[in-house]
Amino acid sequence: MENKNTGSTKPTNFIREIIEEDLRTGKHTKIHTRFPPEPNGYLHIGHTKSICLNFGLAEDYNGLCNLRFDDTNPTKEEIEYVESIKEDIKWLGFDWGDREYYASDYFDQLYEYAIKLIKKGKAYVDSLSGEEIKEYRGAPTEAGKESSYRNRLIEENLDLFERMKAGEFKDGEYVLRAKIDMTSPNMNMRDPIIYRIRHESHHRTGDKWCIYPMYDWAHGQSDSIEGITHSLCTLEFENHRPLYDWFIEALDIYHPQQIEFARLNVSYTVMSKRKLLELVEEGYVNSWDDPRMPTISGLRRRGYTPESIRNFSEKSGIVKRNSVVDLALLEHSIREDLNKKAKRVLSVLNPLKVVIENYPDEKVEELEAINNPEDSSKGTRKLPFAKTIYIEKDDFREDPPKKFFRLAPGKEVRLRYAYIIKCEEVIKDPKTGEVIELRCSYDPETKSGTGSSNKKVKGTIHWVSAEHAIDAEVRLYDRLFTVEDPLGEKDKDFKDFINPDSLEIIKHSKLEPSLSNAEKGERFQFERLGYFCLDSVDASRDRLVFNRIVRLRDSWSKIEKEQQGQK
RNA sequence: UGUCCCGUGGUGUAAUUGGCAACACGUCGCACUCUGGAUGCGAAGAGUCCAGGUUCGAACCCUGGCGGGACAACCA
């Protein structure tokens, strides 16, 4: 279903309906959203949903989207994360203009709001210990009880709160709490803490403050200060909405609307910051931007395009129901994008030497190859062809199974852009029996593009000229986990399901010579193999390192798997 | 034993707000192909968690169940 009001081709969803209703009724004339990350870790694919939603909505409805760092907890947050988050959002293609905000920008205002709340008799300073507060809070099914300090005089509260701010007390000695209802069935309403003492310097405000606001106190009021119309967050904040509304109403300030949606989950991976950290710290992956990581920086290094990630996010939809999107959809998104864009090249990952016996010894032909069959404007390039070439080990079988259309003893196959060759002889290592070389003949009449032969063969394989090929390291990445839901089994640790084959390194692959000019981050389709990207970290002028982004769809592997299953 | 939210093919979403359950991914065929890619065509697969009710008519409204999720950090 297309969105008729905006001319957008994006699918509609319940949030767009709310926005369109608000625009139609005149509740708002312009929408204003925000993306509010906490700078305590790297962004991952799950965050892209919120980023695309908030920035995308603003784009589509001609509104604005702020970037606001939710930096209310100095013990966990660091400037390093602020920088990486900004880089990732920019890379995804979104722009917050000059509206880069921080909850800490509002600490003064938030403090004033707290005083206002105290004066209204709706907040009090509590002297209970952390343990006691927890005890008094009760449980979801049993009411809590009121603190003995709950009915302090307003003046006393004001005095104590000011002294909290002045640094007269130790961490944990006092807290400021809202006075709501200790018997509320909603735990969030049981006199939530709104300020705590933390003698800790903050990455932006330095040592100005030793009291810091809690999320609930900071978030809604920050939304209000910025004039946010639709404050979109994930489902776990549903139970916080009554509190969000209570604060805003108690303060009698502009009231943004909080709307919750389900967060994005993807099969065969984990998304929590803590678990990702575990993978990094315990060495299961090499870094936060390891190409196997679901972090934005990992996906970027792997070779994913921003467009593919945005399309993926679009396709996975916005609803209020928890779900797990198939990794196959992400893979489809990147294939779809790169099929249109990526230059085709011939690369042999696991080389098998082939000598074409009836081809002249010294002869080298320059064959014309198409750069992108989906886009003729990308032109053609020259490919050197000579007597000795490499083909993929997988493309030869001494004892070919049914439906194997590639090379085998006595069989013919087409070399892409070159000739049809026939396998005349198989040379093996006398000790191991391993096939180390093939002797073939070629048919000069079958040169590509000449049409001088009517010979047809079922298979076409890729190859490189042995003397012209360049060496490269190729890193074959695969899904990080072997099961759809690594967190699914309670008795097992998610790390037990790590795919031991998530990375296979091939040190000496043979690539066509044009690849020596590849730039860091440049993406290619290695024909018949997959999409690859020159690694932006480990590659250098004299060392090529390619990452496999994703395999091509491969109907042969399915046939083969099925055949093996039958045996 | 509370409050809030949510149940539609294998997966993710849609259904003009009460009118023959649609699309995408995946799967399986066929065609085409100098990439077993791409592309084109086609198929299978849900009767909408269950049971009642309202209605000419219910995925949608009502009632009651069942199932899943969230909530007891001085985290966000």
Side-chain angles (χ1 to χ4, degrees), chain A residues 1 4 11-13 17 36-38 40 70-73 75-77 126 129-130 133-135 137-144 171-177 184-190 192-198 211-212 214-216 218-219 233-242 260 262 264 267 273 315-333 335-336 339-340 344 346 370 373-374 403-406 413-418 420 446 448-449 456-462 484 525-530 551-560:
Chain A
M1 156 60 72
K4 295 183 185 78
T12 189
N13 59 55
E17 279 171 18
E38 182 189 12
N40 71 342
D70 224 325
D71 56 349
T72 55
N73 186 355
T75 60
K76 293 168 116 187
E77 296 150 4
D126 200 351
S129 70
I133 288 177
K134 187 173 179 176
E135 228 179 275
R137 189 153 33 224
T141 54
E142 76 189 58
D171 286 9
E173 217 173 326
Y174 291 97
V175 289
L176 183 69
R177 305 179 70 175
S184 171
N186 182 341
M187 298 291 292
N188 295 120
M189 301 300 272
R190 320 245 263 227
I193 292 169
I194 61 188
Y195 267 98
R196 75 285 215 188
I197 300 172
R198 279 259 198 288
I211 55 170
Y212 291 95
M214 298 288 289
Y215 164 86
D216 287 301
H219 201 92
C233 62
T234 46
L235 253 27
E236 65 267 32
F237 293 104
E238 254 170 346
N239 292 337
H240 292 242
R241 183 162 17 100
E260 312 84 15
L264 172 67
S267 59
K273 285 178 188 169
K315 282 174 193 155
S316 46
I318 303 292
V319 289
K320 295 188 72 149
R321 145 197 6 144
N322 296 309
S323 60
V324 182
V325 179
D326 198 333
L327 215 215
L329 189 63
L330 215 210
E331 296 184 337
H332 169 260
S333 301
R335 286 194 194 103
E336 183 184 44
N339 177 49
K340 294 179 300 193
R344 271 56 169 178
L346 302 189
I370 295 165
E374 308 292 320
K403 293 185 184 173
F404 185 80
F405 302 146
R406 286 110 95 143
V413 77
R414 161 138 245 137
L415 294 177
R416 171 133 247 225
Y417 299 124
I420 291 176
T446 59
S448 286
K456 288 262 183 197
V457 286
K458 195 86 170 152
T460 297
I461 62 173
H462 60 277
E484 286 187 31
Q525 185 195 97
F526 289 6
E527 290 206 26
R528 303 210 307 134
L529 297 173
R551 292 172 221 253
L552 247 34
R553 291 188 68 215
D554 181 2
S555 43
W556 162 246
S557 74
K558 284 175 195 162
I559 295 169
E560 193 180 29

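Proteins come first, then strands; the chains are lettered A, B, ... in the order of their sequence lines, and each starts at number 1. Quick note: numbers below take in every heavy atom, side chains included, and nothing from hydrogens, waters or symmetry partners.
The two residues A:Leu235 and A:Lys320 make their nearest non-hydrogen contact at CD2-O, 3.4 Å. Considering every non-hydrogen atom in both A:Asp70 and A:His219, the closest pair reads OD2-ND1, 2.7 Å.
Evaluation of the ring pair (Phe, Tyr, Trp, His ring centres under 6.0 Å) rule for A:His332 yields no partner, not counting sequence neighbours.
Mapping A:Lys315 and A:Leu552 onto RNA chain B via the closest heavy atom, the residue that lands nearer the 5' end is A:Lys315. The residue among A:Asn40 and A:Thr141 whose nearest nucleotide of RNA chain B is located toward the 5' end is A:Thr141.
Remark: B:U11 base-pairs with B:A24. Criterion, Watson-Crick or G-U wobble with two distances under 3.5 Å. Pairing for B:A70 is with B:U3, a Watson-Crick or G-U wobble pair whose two hydrogen-bonding atom distances lie under 3.5 Å. Nucleotide B:C32 forms no Watson-Crick or G-U wobble pair with any nucleotide shown, as no partner meets the under 3.5 Å limit on both distances. Judged by Watson-Crick or G-U wobble contacts below 3.5 Å, the nucleotide B:C61 has B:G53 as its partner.
Across the protein-nucleic acid pair, A:His462 atom NE2 and B:G36 atom C1' stand 13 Å apart, rounded to whole Å. Atom NZ in A:Lys134 sits about 12 Å away from atom P in B:C75, given to the nearest Å. A straight line from NZ of A:Lys320 to P of B:G12 spans 18 Å, rounded to a whole angstrom. Atom-to-atom, CG of A:Leu235 to C1' of B:A70 comes out at 8 Å; the value is rounded to the nearest Å.
At B:U35, none of the side-chain N or O atoms of A:Arg551 fall inside 4.0 Å of OP1 or OP2 (strictly under the cut-off). Residue A:Arg528 places at least one side-chain N or O under 4.0 Å from the OP1 or OP2 atom of B:G36.
Distances were taken from every side-chain heavy atom of A:Asp326 (C-beta onward) to each of B:U11, B:U27, B:C74; the shortest belongs to B:U11. The side chain of A:Arg137 lies closest to B:A73, out of B:A73, B:A14, B:G37. For A:Arg321, the side-chain atoms get nearest to B:C6 when compared with the rest of B:C6, B:G37, B:C25. Checking B:G69, B:A76, B:G2 against the side-chain heavy atoms of A:Pro185 singles out B:G2 as nearest. Distances from the side chain of A:Arg344 to the nucleotides B:C74, B:A15, B:G37 place B:G37 closest. Nearest to the side chain of A:Thr460, among B:U35, B:A70, B:U3, sits B:U35. The A:Pro140 side chain lies nearest to B:A72 when the options are B:A72, B:G36, B:U13. When distances run from any side-chain atom of A:Ser323 to the nucleotides B:A72, B:G12, B:A76, the shortest one goes to B:G12. For A:Glu236, the listed nucleotide lying nearest its side chain is B:A76; candidates were B:C75, B:A76, B:A15. For A:Arg553, taking side-chain heavy atoms from C-beta onward, the closest of the listed nucleotides B:C74, B:G37, B:G2 is B:G37.
Of the N and O atoms on the side chains of A:Asn186 and A:Ser184, not one donor lies less than 3.5 Å from an acceptor on the other residue.
Within 4.0 Å of A:Lys403, counting heavy atoms only, lies at least one base atom of the nucleic acid. Residue contacts for A:Glu135: at a heavy-atom cut-off of 4.0 Å it reaches no nucleic acid atom on any strand shown. At the heavy-atom level, A:Pro373 lies under 4.0 Å from base atoms of the strands shown. Contacts of A:Phe237 with the nucleic acid, taken as non-hydrogen atoms under 4.0 Å apart, include base atoms. Base engagement by A:Arg406 is indicated by at least one non-hydrogen atom pair under 4.0 Å involving a base atom. Note on A:Leu346: nothing from the nucleic acid sits closer than 4.0 angstrom, heavy atoms only. Base contact: A:Tyr417 has a heavy atom under 4.0 Å from a base atom. Within 4.0 Å of A:Gly449, counting heavy atoms only, lies at least one base atom of the nucleic acid. Contact annotation for A:Thr72: backbone-only contact, meaning every heavy-atom pair under 4.0 Å involves sugar-phosphate atoms and none involves a base. Residue-level contact check: A:Val457 touches neither bases nor backbone, having no heavy atom under 4.0 Å from any strand. Residue-level contact check: A:His240 touches the bases, meaning some heavy atom is under 4.0 Å from a base atom. Across all strands shown, A:Ile133 has heavy atoms under 4.0 Å from base atoms, whether or not it also approaches the sugar-phosphate. Among the heavy atoms of the strands, none lies under 4.0 Å from A:Glu260. A:Ser129 comes within 4.0 angstrom of a nucleotide base, judged by non-hydrogen atoms across all strands.
Here A:Phe404 and A:Trp556 bring their ring centres to under 6.0 angstrom of each other.
Donor-acceptor pairing under 3.5 Å, judged by distance alone, is present between the side chain of A:Asn239 and the base of B:A70. Residue-to-nucleotide contacts include no donor-acceptor pair under 3.5 Å from the side chain of A:Glu560 to the base of B:G36. If you check distances only, the side chain of A:Glu374 never reaches the base of B:U39 with a donor-acceptor pair under 3.5 Å.
In B:U27 the O4'-C1'-N dihedral to the base is more than 90° from 0, which defines an anti nucleotide.
Using a cutoff of 4.0 Å between basic side-chain nitrogens and carboxylate oxygens, A:Arg198 and A:Asp171 are not scored as salt-bridged.
Across B:A22 and B:G45, the matching P atoms stand 13 Å from one another, rounded to whole Å.
Panel note: side chain A:Arg335, backbone A:Arg551; a donor-acceptor pair is recorded below 3.5 Å.
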